[in-house]
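Data block below; observations after.
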2 protein chains.
Amino acid sequence: MTNELDIFCAVAKHGSMSRAAAELHLSQPAVSQRLRALEEQYGLQLFRRTNRGVELTPAGETLVRYAQRILQLERSLQAEMASLRAAEPKQVVIGATSAIGGYALPCTVYLFQQKYPDARIQLQIGKRCDVIQRLEDGLVDLALVEGPLVTALPDDWQVSVISEEELVLITPPTGPLAGKEAYTADDLTRLPLIIREPGSGTRMAVEEGWQAAGRDLRDLNIALELTGVDAIKTSVASGHGVALVSRWCVRAEARMGHLRIAPLTDIAFTSRWTLIVPKQGMKGAMERALLRTLRSPAERGFC
Amino acid sequence: MTNELDIFCAVAKHGSMSRAAAELHLSQPAVSQRLRALEEQYGLQLFRRTNRGVELTPAGETLVRYAQRILQLERSLQAEMASLRAAEPKQVVIGATSAIGGYALPCTVYLFQQKYPDARIQLQIGKRCDVIQRLEDGLVDLALVEGPLVTALPDDWQVSVISEEELVLITPPTGPLAGKEAYTADDLTRLPLIIREPGSGTRMAVEEGWQAAGRDLRDLNIALELTGVDAIKTSVASGHGVALVSRWCVRAEARMGHLRIAPLTDIAFTSRWTLIVPKQGMKGAMERALLRTLRSPAERGFC
DNA sequence: GGTTTTTACGGACAGCGTAATTATT
DNA sequence: AATAATTACGCTGTCCGTAAAAACC
């Protein structure tokens, strides 16, 4: 959440709630509301509302001076704490499967590194079963995998679902397979489906969603089995078939027009993203901060 | 909500979460939780947990220095804003009926004055109809009355129910009327009931609750009609009868043993407390702060 | 066993976004 | 009409309290 003094200073700087809201990536009403709350808290009007924005009252100008000093102090504090963290650098190894580790996580790790530049975060991407194996062997500190857990782990591991991601149907942007506006489950029995190898989380999610709709797995028209998301994307883009993948994996291609994300009308596939952490480990403040980031939809900022 | 740096400093000062929690009027787990959040935010351990409390780590000691400067700055800011408020003193006149104005509101007004010492708040207590009359005449800025609104006001008044208060049965602490542990609706048809004058909010609430239980008003054994809560309390304490009053009005007497609050098993009476404000008025920051205080159960602190 | 902190869980409120409304030129 | 701010409303996450558990003498 953005600091109220930050909001106040931004509005004072721009002389406009709308512009301040844009700078802070907030909605304009949110800024208006926080500002009003601040005025109520002090019992003083801080801005005069004019037809083309706002301007500071004397009370507002007083607050600006204090706010700037306080914010400056907080920035120095942040810097000093960062240097203290740097004194005892921590290494954390994250194991993840390809859809998560290759697409969603890099942004999260980047953002986290921005905040904690001294943290050494290593991202190991591998097959689902390998990731879990490495976790059990203590070679990675935590794991993020797709799909449900097949084997129950001993209970010194804490397992939590951090996200339910929708699988989307991707088709070539042009050609015979790009004909329809929207697709149904029946279409999936006819279209050549390119699918991940058995054992992968995405494969599990597809099969689970298909059976949940009361269908038989043999009705899927599997044209090709490929290992890894990238191979599938390339193959679909070349017009070899359609596929079901996590939305994150194809955002870039969809925007560029290399692939088309087609709506599914009467069936939906979801993939659960699961975080696995050893109950004993991850006790330090930095480790906890990382967990918090991964668990909080707002902070992890998958991109 | 208490500032996180305040919490941190209190814990640092006492070397104990429990003692800090007591000082801040918070639960001990709440302090623990906020402290952990602070540690996660900075990615550093701030306290070493020992068996008899906590002690600062080097990072914690750094934070103490910054926190004290920031808190000091905030205190100066508060002081300066208070002096700015004092430059343009505001007078607000509150009209209220006796149960609200005489018992619940004084604490609220006191707390508000502590926070805004320059606010001149005047509390006018009167009969329900008089209060509303004075509001319409503009002689009071806002009104707090008990019970529902009989006459619909024109819609440039904003009416909101701020609290549903339970009416409790009070009996003399000793004597023939103090016999039973708990009372029923049937008992109320036999006990001598001392009741407020018609038109008062409490009277309305009693009659409404009685009829809502499917009873006839004539079955109430009204022994005496008195004007004002105090007269009723005196009369009940003297053993002349029992009465139904707002809990706030008799907290002191119940604690002292002058009156007994007796449970009602099969009937309940509630009195709605209504806040009436002119939609146009109360636009200033101070006025809004007062309204916020009156509307927020946490802040108004009826006592 | 006693003291202190942590974990777990449910409820209340704050802060935000979307959408609709108001005010001012 | 157009621009800027406010109000209304539903949702989500934070913060807090109670209760139970765990750590550390």
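Proteins come first, then strands; the chains are lettered A, B, ... in the order of their sequence lines, and each starts at number 1.
The listed nucleotides are C/dT6, C/dT24, D/dC25; the one nearest the side chain of A/N51 is C/dT24. Picking from C/dG15, D/dC16, C/dT24 the nucleotide with the shortest atom distance to the side chain of A/M1 gives C/dG15. Looking at the side chain of B/P297, the nearest of the listed nucleotides D/dT6, C/dC13, D/dC15 is C/dC13. Of the candidate nucleotides C/dT5, D/dG17, C/dC16, C/dT5 has the atom nearest to the side chain of B/S16. Candidate nucleotides C/dT5, C/dA19, D/dT18 were compared by shortest atom distance to the side chain of A/P29, and C/dA19 ranks first. When distances run from any side-chain atom of B/Q33 to the nucleotides D/dC15, C/dC16, D/dA5, the shortest one goes to D/dC15. If you check D/dC16, C/dG17, C/dT6 against the side chain of B/A30, the one that comes closest is D/dC16. Nearest to the side chain of A/S18, among D/dA5, D/dT6, C/dT5, sits D/dA5. Among the nucleotides C/dT18, D/dT6, D/dC16, the one closest to any side-chain atom of A/S27 is C/dT18.
At the phosphate of C/dT6, OP1 or OP2 sits under 4.0 Å from a side-chain N or O atom of B/S32. OP1 and OP2 of D/dA23 both lie 4.0 Å or more from every side-chain N or O belonging to B/R49. Between B/R34 and D/dC16 there is a side-chain polar atom (N or O) within less than 4.0 angstrom of OP1 or OP2.
If A/T50 and B/Q28 are placed on DNA chain C by their nearest nucleotide, the residue sitting closer to the 5' end is B/Q28. Each of B/V54 and B/R292 has a nearest nucleotide on DNA chain C; the 5'-most of these lies closest to B/V54.
Here A/R288 lies in heavy-atom contact (under 4.0 Å) with sugar-phosphate atoms only. Looking at heavy-atom distances under 4.0 Å, A/R48 makes no contact with the nucleic acid at all.
One finds no salt bridge joining A/E40 and B/R295 here, because no Lys/Arg side-chain nitrogen approaches an Asp/Glu carboxylate oxygen to under 4.0 Å.
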